[in-house]
Amino acid sequence: MTTPAIPEGVKRCGSRQFLLWLGVAALVVLWGVYAMYRIWFYGLNQTNMNNAYGFALWIWADLAVIALGGGAFFSGFLAYIIGLKNVKNIINFAVILGVVCYTSALLILGLDVGQPLRGWFIFWHANVHSMLTEVAFCLSVYLGVLIIEFIPVLLENPKIQKVRFFHHLSHNMHEIMAVFAATGVFLSFFHQGSLGGVPGVLYGRPFAFREGLFVWPWTFFLFTWSAAAVGPLFTASMCRLTEAITRKKLVKDDVYHLLAKISGWMLLTYIIAKSIDTIYWATVTAPSMGFALMDFYSNNPLYNIWILVAEIAVCGFLPALILITRKGRENKKLLFGAAILAIIGLLINRWVMVLQVMAAPLMPFQEEWFMYSPAWTEVATSILPIAYGIILISLAYRYLPLFPQEKELNPGN
Amino acid sequence: MSTQTDNTSNTPSNDPSPKKGATGWVILAFFIIGFGFSLLSGWVGFPKLLYKEVPHPIDFNHALHMDLVYDGCDSCHYFRKDGSFSGSPTLDECRDCHGFVMGINENEEKFAEEYVLEDKEVPWNNYAKQPDCVYFSHAPHVKGAEMDCATCHGDIGESESLRPYQENRLTGYSRDIWGWNMSRLGEPEYAPRMKMMDCVNCHVEQTDSKGNCFQCHK
Amino acid sequence: MEKIPSHTKKRHFGMVIDLDKCTGCASCMVACYSENNISFRDEESVKMLSTNWIQVFKLTNGKPFPDTEVCYLPKPCMQCDGKHFGHSPCVSVCPAVATDFDYPTGIVSQIYTRCFGCRYCMAACPYHARKFNWWDPVWPADMEKYLSPDVSPRMRGVVEKCTFCYHRFQRARQQAYNEGRPEDIREDEYQTACTQACPSNAITFGDLDNPDHAVYKLKNSRYAFRLLERLNTNPSVYYLSTREWVHRAADNYLEHEQPAFSEEQQA
Amino acid sequence: MKIDRRCFLSLAGGLVAGHLLSPVPWKVTDDLSIWTQNWPWTPVPETGPVAWKETVCTMCPGGCGIKVRMIKDRVIKIEGSEDYPINRGSLCPLGYSSIQYLYGPSRVTSPMKRTGERGSGKFEPVSWDEAISEVSGKLDALRKNGQSHTVACISGSDKGTVPLLFKRFLEAYGSPNFIRTPSGQDAHETAAYLAQGHSDKNVGFDLENATFILSFGCGLLDGGGAPGYQFSTYSRFDRRHTLVQVEPRLSNTAAKAKKWLAAKPGTEGALALGLARVIIENGLYNRNFIENHSFGFEDWTDDNGAIHMGFKRMVSEYTPSRVAGITGLEARQIESLARDFARAQKPVAVCGYNECRAVADIDKTLAVHALNALVGNINQSGGMIVFPDPEYTVSPVEKDRIASTGLTKPRADMAGTDKYPQSRYLLNLLPDILMSAKESDLPVQALLVTGANPVYTLEDSTTAQAAFAKIPFIVSFSSFMDETAQYADIILPDHHFLEGYRDVPPPEGVGKPITGLSKPVVSPRYDTRNTGDTIIDIARKMGGSISNSFPWDGYEAFLKEALKDQYRDLSRNGYVENVEKPAALDVAFATDSGKYEFYPTRRHTTGNGDEAKLPGFKETDVPGKETSGGVILIAYKSPRIASGAVANPPFMTKTIDADMLKKEKLFIQINPETAGKLNLKQGDEAVIETSAGKASVKVDLYDGIMPGLAAMPAGLGHTAYSRYIAGKGVNVNALLQPVADPTYGINKAWGIRAQLKKA
Amino acid sequence: MFPFLYEWHWDIGHYLFMGALGYASAVIGLGLVYCIGKSIIDTAGEDENAGH
C-alpha cells in the first residue's frame with residue numbers, strides 16, 4: 001500500500017486541474033526567467049535604471065515583499081513568544097508566505113547588483129556601518145530561520161513522515177520552535193529596521209533623511225513597526241484569497257479577527273508615529289537643509305502631494321480606525337477592505353522612500369524631476385515572485401497540512 | 001508491515017532484511033568514501049585542473065648574467081628617471097649585449113634566433129605579475145624602505161634556471177600570488193605570497209597601518 | 001587611529017573653482033575623459049546614462065532678455081568629508097568598503113574591483129557625482145591604444161567617480177621617493193587633469209590645509225561657497241563667484257532665507 | 001552487506017562534507033569573482049617608459065602648441081604646451097580629443113577608390129601607385145584636351161607649404177582655380193586692402209596685450225578663431241581688463257564679458273559708426289594718428305577739384321539716438337561705451353574673424369577697422385596688427401604653353417573677374433555656378449580637396465552637394481571619411497597631424513606672426529601619406545614641366561628648402577616668430593596716399609559717390625520671404641562642437657548638453673517670448689523650414705536670445721565619419737543661404753528667414 | 001567579516017554588529033544541531049525499542 005502524498009482527511013482538486021493551474025503560473029515564471037537571463041548576461045543596461053535612478057523598481061519590490069513578509073515574523077512573535085494559540089492556526093501559512101517573500105527578495109537583490117558573482121563581498125568584506133550590510137546579513141540569516149520554521153511543516157507531508165528520522169526531526173523542531181522564532185523576531189526586527197535605515201541615513205537626500213535615535217534614524221523603527229502592523233494583514237488577506245480560490249474555509253473567523261485587532265492597534269500607533277515623524281521632518285529636519293515641504297512634491301502626477309495624503313490618511317488612519325472597532329473587524333468586507341488599504345499604504349510608503357527620493361531634484365539649478373518607468377525586464381522579474389509564490393503556496397497547500405482547522409471546518413471530505 | 005519488523009528484529013546486525021537496509025557501519029563507510037574522495041580530488045586533483053603550466057619562452061639563467069654585469073639586479077631591472085620601474089628588460093636592452101648569436105648555449109641561441117633576429121619582444125612570464133587594479137611602485141619600497149629585491153622576489157637572482165610558472169585558468173594570475181600551497185599555510189620557499197593581505201600584513205608590521213585603498217589600488 | 005601609515009604626510013586636497021572665470025568650454029571634461037580612460041558610446045545625449053567625472057552645468061539667473069546672465073558650473077566629485085571627518089555620504093553606506101575616505105589625502109577612493117554594483121552610494125550622493133557602468137566599456141577600432149595604464153579601465157556593473165586624479169598624486173610621490181625626498185611633494189607636482197586643462201585657469205587645486213597653497217587662501221575668500229553646503233556633506237570643492245544669484249543657486253533656501261553672501265552684501 | 005538508498009545518501013553526504021573541507025568551493029567562488037575583476041574583454045593598458053613630445057595641433061587653424069604623453073609608441077594624452085607662445089598652456093576640447101582621430105574609426109586607412117554611388121560611402125582600397133596613376137591620368141587627359149583651367153583645388157587655407165604646393169601644382173599644370181574656403185579673413189583682407197593697401201597680408205589682433213576688447217560678435221570664448229590664443233588671453237584677465245561683447249545672443253563669450261550689448265544682428269556696423277561719432281565729437285581720438293597717418297578723415301578735394309565727404313562728416317549722422325534706434329540699444333549705453341573704449345589704455349575692436357560662419361560685411365569690417373584707427377592702435381601693442389605671410393624661398397615654376405594659356409582663363413568661382421575684381425576666393429558662389437552650367441560645359445571638370453569639407457561646411461549645403469555631384473572627378477586628401485571624401489572618386493589619405501611633418505602658418509586673427517611646426521610623434525598607423533608627398537608624386541607622375549617644377553624627393557625636402565633658415569629653429573623650438581616687427585606707421589600703408597584711408601579710394605563700387613565708398617551703414621537683406629510668425633534663424637558656435645572642416649570627436653559629443661542634443665534631435669534656441677507667439681513649449685518637437693531646406697528639431701527656451709531669432713549650433717548633423725559622429729542633429733548649413741555682396745561676392749548673410757512650427 | 005580581513009577594525013561597531021550576528025547564528029546553529037542530534041538518537045532508540 002502506498003502512502004498518499006496528500007495529507008489525510010482533506011480534499012484537493014484533481015491533478016489535471018492542478019497541473020493546469022501550475023502551468024499558467026509557470027509561464028509567468030518563465031517570462032521572468034528569460035528576463036533574468038537578459039539581465040545576467042547583458043547587464044543592467046537591459047533595465048531602465050540610470051544614474052539618477054540607481055535604486056528603482058527592484059529596490060521598491062524588495063522593500064515591499066520584505067515588509068509584507070513581515071507577517072511571518074510578527075505572527076511568529078505572537079504565536080511562539082506571546083503565546084497566542086489562535087495565531088498558530090495561520091502560522092504555517094505565514095511562514096510559507098515569508099519564505100516566498102524572502103527568497104524573492106534575495107533573488108531580486110541578486111539581479112539588482114551589477115556584479116552578481118561578487119555579491120558575496122557584502123558578507124565577506126562587510127562594512128558594518130552600512131545599513132545594507134545589516135540588511136544582507138539579517139535578511140539571509142532570517143531566511144535561514146524561516147526555512148527552519150518551514151521544515152517541520154514540510155516534514156509533515158505524510159510520505160516524508162514515514163521516514164522515522166524526519167518524523168522525529170519534525171517533532172523535535174516543533175518542540176524548540178520558540179527559540180528559533182525568538183531569534184527570527186530579533187533578526188527580523190533589525191533587518192526590517194535596517195531597510196528603513198537604508199533611506200533614512202542618506203543625509204545627502206533630505207527627502208529620505210530622518211534624524212536618529214541612538215545610531216538609527218527614525219525610519220528604522222517606523223519600518224519595523226509598519227511591517228509588524230501590516231504583515232499579518234497581508235497574511236490574513238492572502239489566506240482569505242486562498243480560501244476564495246479553493247472555495248473552502250481554512251481558518252476560523254476569530255483568527256482573522258484577532259489578527260485584525262492586533263494589526264489595527266499596531267497600525268494606529270504606527271500611523272500616529274509616522275505622522276509625528278512627518279511633521280517633525282517637514283518642520284524641522286528638511287527646513288534646516290533649506291527645503292520647504294512642497295519642494296518635495298512635484299506638479300507631475302506621480303510625485304504629487306496626494307501621495308502623502310494617500311499614505312497617511314486614506315491608507316493609514318482609515319484602515320486603522322476600521323480595524324480597531326469591533327464592527328469594522330466583524331464585517332468581512334470592511335475588514336479585508338481595510339487590510340487592502342493598509343497594504344497599499346505600506347507599498348506607497350516603501351515606494352516613496354525609494355523612488356521619490358531619487359526623483360526629487362536637489363540642486364536648485366536643476367528644476368526637472370527625474371522620471372523613470374521600469375523596463376519590461378524589471379517588471380517581469382518583479383512579477384516573477386508572485387507566480388513563484390503561487391506555485392510554492394499551491395504545492396504547500398496541496399501536500400502539506402498547512403491549516404490545522406481545515407479538517408474541522410470542512411467535514412465530510 | 002509490522003510482521004516484517006518482527007521477523008527481522010531478532011537479528012538486526014547479522015542478517016539485515018531487504019527492507020531494513022544497510023547497517024550503520026556500511027553507511028559510515030560510504031560516508032568516508034565520499035568524504036575521502038572529495039578531499040582527495042579537492043586537494044590534489046583540483047589544483048591540477050585550476051592551474052596550467054605556461055612554459056618559459058627562454059630558460060633564463062640569472063646566475064650566469066649576474067656574473068657578467070656590474071650592477072647586480074639594477075643592471076637590467078632599473079628605475080627610470082620618473083621613478084617608475086622598468087621591470088623585465090626589453091629586447092632593445094637585451095640587444096646591447098645580444099646583438100648576434102654567440103653560441104654560448106641552447107637558450108642563448110634560441111633567444112637570438114627567435115627573438116633578436118625576428119625583432120620580437122620576449123613574452124617573459126612574470127611570477128609577481130599583479131592585476132590591473134593594483135598600483136605598485138617599486139620606488140617607495142626599494143628607495144624609501146630600502147628593501148632588497150629578494151625580500152619579495154626570493155632568490156631568483158641567483159637561480160640558474162627558471163622555476164615553473166603556472167597560471168590560474170580562471171583569473172589569469174600567476175600561481176605565486178596565491179602561493180603554491182592551496183591552503184596557504186607555511187612560508188613558501190621561493191618568495192612571499194602576494195595576495196592583498198600579504199601586502200597588508202607587511203605594511204602593518206612596517207608602517208603600523210593597513211594602508212588606504214588608494215594607496216595600492218587604481 | 002591606525003588610519004594613516006606612519007611614513008605618510010597628512011594632506012587635505014581640495015579644489016577652488018572660479019565661476020566668474022569658467023567659460024563652459026568643456027576642456028576639463030574632455031581632458032578628464034582622456035586622462036581617466038572614460039568610456040563613451042555612440043549615444044551620449046541621455047546624460048543620466050553618460051559617464052562624466054566632471055560635468056559643466058549651465059545656470060541662468062532666470063531674468064528675461066536682455067538682463068539674462070549665465071554662469072557655468074563644473075561639478076566634479078566633491079570629495080566630501082561628511083558630517084564628521086570621513087563620514088562622507090557615500091562612504092558610510094557602501095556595504096563592501098569599495099569606497100573609502102582616504103585619510104592621508106582627503107580624497108574619497110573608489111575601488112572598482114571591490115565594488116559589486118549595488119549603487120547605494122549613488123543613492124546617497126546628492127551631487128550625482130557617481131556613475132554606473134551600465135555597459136561593458138568598448139573602445140572602437142584601435143582606440144584601446146590610447147588608454148592610460150595609470151587608471152584601470154572599469155568593467156561593466158561597477159560604480160565610478162572622480163578621484164582627483166589620484167594616480168597623479170601617486171606619480172608625484174613615486175618621483176619624490178625616487179629623488180630621495182619622500183612625501184615632499186610640491187604644489188605644482190600634483191595637479192588634477194581638469195585643473196591643468198582649464199584654458200581659462202578657473203580651477204585651482206592643492207592642499208586646503210597648507211597655508212602655502214593657493215587654495216588655502218582662495219577657500220577663505222568672501223566669494224567662496226560650496227555646493228549644497230546645508231546638507232552637511234562638507235565638500236572639498238569650493239566655488240568662487242562675485243554674483244549673488246550664483247550663491248543662491250548653489251544651495252536650497254526657504255523663502256525668507258538668504259545665502260550668507262547676500263546678507264553680507266546688504267550689510 | 002546490503003546497499004540501499006541510505007548508503008547513497010551517506011555517500012553524497014560524505015562528498016559534500018569532504019568538498020566543503022577542500023579548497024574547491026572556496027577557491028572557485030573567490031576565483032570567479034577575480035575573473036569578473038579581470039574580464040578578458042576589459043582592456044588592460046600596457047605600461048612602459050613615458051615620454052613627452054612637443055608638437056603643434058592642426059585640428060583647427062588655431063595652431064596651438066601641445067605636448068603629447070607617450071607610453072612606448074602609444075599616444076596617451078594631449079595637453080597644452082605652456083611654452084608655446086600662442087596658447088601658453090591653454091587648449092580647447094578639440095585639441096584634447098584629437099587622439100580619438102588618431103586611433104578612431106573615422107580614419108581612411110589606405111587609398112580608396114569609389115565603387116558605389118557618390119556620397120554612398122562605398123569604396124575599395126587600392127594601392128598608392130594605382131591611385132596616383134588614376135589621378136595623374138585623369139588630370140593629364142584634361143590637360144591634353146585643353147581643359148587644364150577646369151581643374152580646381154579647394155583648400156582650407158592658402159597659407160603654409162602644403163597649400164603652397166597645391167598652388168604651385170595648379171600653376172605648373174595650368175589652372176587659376178586655387179580656392180580657399182570662405183572665412184572671416186575674407187572681409188579683413190578686403191578691408192586691409194582698401195584702408196591700408198595690402199593685398200595679401202594677415203590681419204591680426206594683439207588681444208593678449210589689449211586692456212579693452214570690444215568684440216562685435218566674435219566668438220572669442222566660443223571656440224572660434226584661434227581658441228587657444230583667445231582662451232589663454234582671457235585666462236590672464238584681471239580687474240584691469242574689460243571685454244565687451246556685442247551679440248544678439250548670450251553666448252559663452254557674452255556670458256563672460258563685463259558687458260553684453262544685445263544689438264540687433266546686422267546692425268553692428270551702425271554701432272561702430274555711432275561709437276566713432278561719440279569719440280570724434282568728444283575729441284577722444286588719437287590726434288597724432290589722424291593728423292599724420294590717415295587720409296579721408298576730414299572732407300577732401302580730389303585732383304579734379306571735386307569735394308568728397310570725409311569719415312568725420314559721414315559719421316556725424318550717426319548720433320547716439322539714431323544708432324540706438326537702429327541697434328535697439330540705449331543711447332546712454334552707446335555713449336558710455338565709446339568713452340570707455342577710447343579712454344582705455346589699450347583698446348581694440350574686433351569683429352567677424354572667428355564667427356562660426358564667414359559673414360563678411362565689408363562696411364562693417366571697415367567701420368570696425370576705423371574704430372581701431374581712431375584710437376591709433378594700428379600696428380601697436382594691443383592693437384590691430386597687419387603682417388606679411390612667412391616667406392618661402394622656392395624656385396619659380398616652370399610653365400609650358402598649356403599652363404600659360406590655362407592660367408589666363410577666368411576663375412571658375414568668378415573671383416578676380418570683372419564682376420568681383422577685388423576678391424580672391426569665392427567658393428560660396430561656386431555651387432550656383434556649377435548648378436547653372438551645362439554638363440558639357442562644366443567649369444570644373446576635376447576637383448582636388450585638401451584640408452576642407454565644403455560639402456558639409458558650405459551654406460546651403462544641399463545645393464553644394466548637388467553641385468559637387470556634377471563634377472566628374474573629385475580627389476580628396478582627407479585623413480578622415482568626411483562628407484566631401486564620401487563624394488570623392490579617389491581618396492588619397494593624409495597622415496593624422498601626430499604622424500607627419502607640416503608647417504603651421506600664423507593663425508588667422510592672432511596678433512603675432514608665429515609659424516609652428518607639427519612633427520610626427522608616432523609612426524603612421526595606416527597606409528597614409530603626407531599630402532605634400534602625394535602632390536609631389538602626382539606632379540612627378542605627370543612628367544614634363546610639371547614634374548620639373550617639383551624637383552624634391554619628398555615633402556620634407558621641400559619643407560626644408562621652402563623654410564630655409566627658419567627650419568632649424570622650427571625643428572628645435574617647435575615654432576619661430578617672424579623677426580620682422582609690425583611696420584612703423586610711416587611705412588605701414590601701401591595705399592595711394594601712403595596713409596590709412598578712412599575714405600577707401602580704391603574701393604570697387606557699382607554706384608558712384610561718397611556713400612558707396614565710405615563704410616556707411618546699409619541694412620543687409622536677410623534671405624527668405626518675410627511671413628507672419630516667422631523667425632530669423634542664426635547659427636551659433638559652441639566650444640563643445642567642432643564646426644570646421646573636421647567634425648566632433650566622440651569625446652566632444654559626450655560633452656554636449658542635454659538642452660542642445662537629445663538622441664538624434666537638435667534643440668533650437670528661442671526666446672520664451674517668441675515661443676509664446678509660436679505656441680511652443682520647452683522640449684516641443686518642431687519643424688524649421690527655410691528656402692534652403694527643412695529640418696525637425698526640438699525647442700529650447702532660452703532667455704538669453706533676442707526675441708524673434710532662432711539659433712542652432714553649427715557643427716552637428718554629419719552624415720559621414722563614423723556612427724559616433726554621424727546622424728546627430730541637423731547641419732545648420734543645410735538651412736542657411738549665402739547672399740553675395742554685390743561688389744565683392746563674399747557672403748554677407750548673417751541669418752535667414754524661417755518658419756518654425758510645432759511638429 | 002573576519003578579523004583577518006582588511007576591513008576589520010577592533011571597534012565598538014564590529015563588536016556590536018558581529019556580536020549580535022554571531023549570537024543569533026550560534027543560537028540557530030546550536031538549535032539545529034540539537035534537533036538533528038536528538039532526532040538521530042530518537043530514531044536509534046526507536047530501533048532498539050522495536051527490538052525488545
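Each chain gets a letter, A, B and so on, in the order the sequences are listed, and its residues count up from 1.
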Full working for side-chain hydrogen bond (donor to acceptor under 3.5 Å, both in side chains) between A:His174 and A:Glu156 = CA-CA 11 Å; A:His174 266 305; A:Glu156 269 174 40; 2.8 Å; yes
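- For A:Glu134, the parts lying near chain E are the backbone and the side chain together; criterion is any non-hydrogen pair under 4.5 Å.
- Proximity to chain A involves both the backbone and the side chain of E:Ile28, based on heavy atoms less than 4.5 angstrom apart.
- If you measure heavy-atom distances from A:His129 to chain E, the contacts under 4.5 Å come from the side chain alone.
- Interface remark: E:Ile36 contributes backbone and side-chain atoms alike to the contact with chain A (heavy atom separation under 4.5 Å).
- If you measure heavy-atom distances from A:Leu169 to chain E, the contacts under 4.5 Å come from both the backbone and the side chain.
- For A:Phe186, the part lying under 4.5 angstrom from a heavy atom of chain E is the side chain only.
- Of the two parts of A:Thr133, the backbone and the side chain both hold a non-hydrogen atom closer than 4.5 Å to a non-hydrogen atom of chain E.
- Relative orientation of the E:Trp10 and E:Trp8 rings is perpendicular, given thresholds of 30° and 60° on the angle between their planes.
- Exactly one of A:Leu132, A:Thr219, A:Ile66, A:Thr224 qualifies for a side-chain contact (heavy atoms from CB on, under 4.5 Å) with A:Leu195. That residue is A:Ile66.
- Within the 4.5 angstrom heavy-atom criterion, atoms from both the backbone and the side chain of E:Leu32 approach chain A.
- Ranking A:Ile148, A:Ile151, A:Val141 against chain E, the residue ahead of the rest is A:Ile148, based on heavy-atom pairs under 4.5 Å.
- Judged purely by atom type and a 3.5 angstrom limit, E:Glu7 has no side-chain atom pairing as donor or acceptor with the backbone of E:Met1.
- Residue contact with chain A, scored on non-hydrogen atoms closer than 4.5 Å, involves the side chain of E:Tyr34 exclusively.
- With 3.5 Å as the limit, one finds no donor-acceptor pair spanning the side chains of A:Arg164 and E:Ser39.
- By the 30° and 60° cut-offs, the orientation of the rings of A:Phe189 relative to A:Phe220 is perpendicular.
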Given the rule in the side chain to side chain contact (heavy atoms under 4.5 Å, CB included) test, do A:His167 and A:Val163 qualify, once you have shown the distances and angles that lead to the verdict?
-> CA-CA 6 Å; A:His167 170 79; A:Val163 180; over 6 Å; no
Going through the distances and angles, do A:Phe209 and A:Val201 end up as a side chain to side chain contact (heavy atoms under 4.5 Å, CB included)?
-> CA-CA 6 Å; A:Phe209 179 59; A:Val201 295; 5.9 Å; no
Verdict with reasoning, E:Met18 to A:Phe137, per side chain to side chain contact (heavy atoms under 4.5 Å, CB included) | CA-CA 10 Å; E:Met18 287 299 166; A:Phe137 271 103; 4.2 Å; yes
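- The ring pair (Phe, Tyr, Trp, His ring centres under 6.0 Å) test with A:Phe190 singles out one residue from A:Phe73, A:Trp216, A:Tyr142, and that residue is A:Trp216.
- In this structure, the portions of A:Phe123 lying under 4.5 Å from any heavy atom of chain E include both its backbone and its side chain.
- Scanning residues 88-109 of chain A against chain E with a 4.5 Å non-hydrogen threshold yields no residues.
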A:His191 and A:Ser188: side chain to side chain contact (heavy atoms under 4.5 Å, CB included), yes or no, with the steps?
-> CA-CA 5 Å; A:His191 81 244; A:Ser188 198; 3.6 Å; yes
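- In this structure, chain A has no heavy atom under 4.5 Å from any part of E:Leu16.
- A distance-only check finds no donor-acceptor pair linking the side chain of A:Asn157 to the backbone of A:Leu400 [under 3.5 Å].
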